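In this text the structure is predicted, and so the values were computed from the model without any measurement. Whatever order the structure lists them in is the order used to number ligands and atoms, beginning at 1.
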Amino acid sequence: MSVSKLVFAPLSFTGWGSLEHLLPETAKHNPKKILVVTDPMLEKIGLTKRVTDPLEQEGYEITVNTDVVPEPPLETGEKLVDFTRKGGFDMVVGVGGGSALDLAKLAAVLATQEGKVADYLNLSGTKSISQKGLPMALIPTTSGTGSEVTNIAVLSLGTTKDVVTHDYLLADVAIVDPALTVSVPSKVTAATGIDALTHAVEAYISVNASPATDALALQAMRLISRSLREAVENGEDRQAREDMSHGSFLAGLAFFNAGVAGVHALAYPLGGQFHIAHGDSNAVLLPYVMSYIRKSTVSRMADILEAIGGNSAFLSDEEASYKCVEELQRIVKDVGIPSTLAGFDIPESALESLTADGVKQKRLLDRSPLKLGEEDIRRIYQSAFNGV
Ligand code: NAD
């Protein structure tokens, strides 16, 4: 039995109405000037105000920065960190999807370090984070990335992605209130929901999985598979939004501790080269990667089938593992996400450049139960082009 390091931080409040915990949690840090990092869409639809109004009424000086863009590039991170250092803030609140939360993490942690964001990147950086940053509260408005409970910030760099990662990127408090997700459009609900499902599935089959992460991942799969379709069809469905909110939170804790693997490794180049949203990239590849690695994790795939609501009665693990791939494919189809790379207008001529960038994601590939080399990656992309 190997030893697992488990970090079930940060302090979190979940469930409908949990936003009310922001004020007492903020008061603990006694800030004067608070930077709120959010995206322009959330500002426009009035969601950001639900966070800033109570803070302002309490007398805090609030600055709202709306420079966040989806799948943020490194330059956006550099600009925001500069802004934070110059602003003299003493707390950061991130409000939004994974893009806003990741940038809020960088703003908070790098405000107190020297150097550029680029210096701290996992693949190409040379510096490591050495001290805690500003106090940080993270408030997700999508049910997908789990960023509110992970120690990673993801940035787009040219045709691929890289991360800044350190336990100092963990929030001081995460507030996961499903009420803030009701306005998420159906397409974003679908993509972010499959992102969360992918986190749970990949954490469950990761070589670093442990009994603790298994429990989180399986419950995340149950909640997501029973409610994702409803949340996509009717965003006002309160039970569905609650399930998705808890599901993405649990999946975030599971993958933070066990890691994600092949699906994410191959999804990053789709985002980098073709600007496909992170959730869509994972969704289109999930069944193909799982089909390819099936043989290496048959009994775990049988467990996944059960957790996602597939009927495994009277099936051998081998049969259940095939059915698991079909069931994952069905969920992706049911929520209206294209099932092939052609469905995203990606030309087959991109096969080699995608493979070349996929191979670079060694940190992720190393967690796959089946070792994935260059030829394996090429074959998986090819099957995602062919649809078989
Ligand atoms: P996002 O943050 O880019 O948001 C997608 C869209 O949804 C945006 O247009 C946004 O304005 C809109 N939106 C968000 N909340 C809304 C709401 N309540 N109502 C209406 N519209 C809303 O998408 P995301 O999938 O949440 O985040 C993706 C980013 O997160 C990527 O950069 C990805 O790499 C990163 N990520 C980070 C982690 C991590 O652990 N740090 C994990 C997975 C992914």
Nearest protein heavy atom with distance in Å, relative to atom 40 (O) of ligand 1
T150 OG1, 2.6 Å
Which residue and heavy atom of the protein sit nearest atom 16 (C) of ligand 1, plus the separation:
L42 CD2, 3.3 Å
If only side-chain N and O atoms count, and only distance matters, is there a donor-acceptor pair under 3.5 Å linking D243 with S227?
yes
Which one of L103, V117, L74, D67 satisfies the side chain to side chain contact (heavy atoms under 4.5 Å, CB included) criterion with K79?
D67
If you take all heavy atoms of F385 and I346, which pair is closest and at what distance?
CE2-O, 3.3 Å
Using a heavy-atom cut-off of under 4.0 Å, does the side chain or the backbone of V68 touch ligand 1, or both, or neither?
neither
Provide the number and element of each atom of ligand 1 under 4.0 Å from a heavy atom of T142.
14 (C), 15 (N), 26 (O)
Residue pair T160 / D357, side-chain donor-acceptor N/O under 3.5 Å:
no
Check each atom of ligand 1 against the heavy atoms of P70 and keep those under 4.0 Å away; list them by number with element.
3 (O)
Side-chain donor-acceptor pair under 3.5 Å between Q361 and H264, yes or no?
no
For atom 4 (O) of ligand 1, is the nearest protein heavy atom closer than 4.0 Å?
no
So which atom in S18 and which in F13 form the shortest heavy-atom distance, rounded to 0.1 Å?
OG-O, 3.7 Å
Examine T141 against ligand 1 and note whether any of their N/O atoms are separated by less than 3.5 Å.
yes
Hey, which atoms in ligand 1 end up nearer than 4.0 Å to a heavy atom of F255?
40 (O), 42 (C)
Minimum-distance protein heavy atom relative to atom 21 (N) of ligand 1:
P185 CD, 3.7 Å
Is it true that R294 and S321 share a donor-acceptor pair across their side chains at a distance under 3.5 Å?
yes
What pair of heavy atoms forms the shortest contact from A100 to G96, and how long is it?
CB-CA, 3.9 Å
Nearest protein heavy atom with distance in Å, relative to atom 35 (C) of ligand 1:
D102 OD2, 3.6 Å
Same apolar cluster (I L V M F W Y, side chains within < 4.5 Å links), I194/V325:
yes
Does P72 have a heavy atom less than 4.0 Å from any atom of ligand 1?
yes
Any idea which protein heavy atom is nearest atom 20 (C) of ligand 1, and the distance to it?
S183 O, 3.3 Å
Could an N or O of ligand 1 be found under 3.5 Å from any N or O of G98, whether backbone or side chain?
yes
Check each atom of ligand 1 against the heavy atoms of V188 and keep those under 4.0 Å away; list them by number with element.
7 (O)
Measuring from T48:OG1 to D39:CG, what's the distance to the nearest 0.5 Å?
7.5 Å
Check whether NZ of the Lys or CZ of the Arg K132 lies under 6.0 Å from the centre of the six-membered ring of Y168 and within 45 degrees of that ring's axis.
no
Under 6.0 Å from the six-membered ring centre of Y204 and within 45° of its axis: does the NZ or CZ of R300 meet both?
yes
Which residue and atom name correspond to the protein heavy atom nearest atom 11 (O) of ligand 1, and how close is it?
D39 OD2, 2.8 Å
Any N or O of S99 that comes nearer than 3.5 Å to an N or O of ligand 1?
yes
Looking only at protein heavy atoms, identify the closest one to atom 25 (O) of ligand 1 and say how far it is in Å.
T192 CG2, 3.4 Å
Where ligand 1 meets G97 - atom numbers and elements under 4.0 angstrom, heavy-atom basis:
2 (O), 26 (O)
Any L155 heavy atom less than 4.0 Å from ligand 1
no
For ligand 1, which atoms sit closer than 4.0 Å to a heavy atom of K105?
41 (N)
Counting only heavy atoms, which portion of E71 has something under 4.0 Å from ligand 1: side chain, backbone, both, or neither?
both
May I ask you to list the atoms of ligand 1 that are less than 4.0 angstrom from any heavy atom of M41?
11 (O)
Using only heavy-atom distances, determine whether the side chains of S147 and K105 contain a donor-acceptor pair under 3.5 Å.
yes
If the cut-off is 4.0 Å to any non-hydrogen atom of L47, which atoms of ligand 1 fall inside it?
18 (N)
Say whether N151 and H166, considering side chains only, have a donor N or O and an acceptor N or O under 3.5 Å apart.
no
Considering heavy atoms of the protein only, find what lies nearest to atom 42 (C) of ligand 1 and give residue, atom and distance to 0.1 Å.
T145 O, 3.4 Å
Any side-chain donor near an acceptor of the partner, E230 and N234, under 3.5 Å:
no
For ligand 1, which is the ligand I care about here, please tell me if L180 has any N or O atom under 3.5 Å from one of the ligand's N or O atoms.
yes
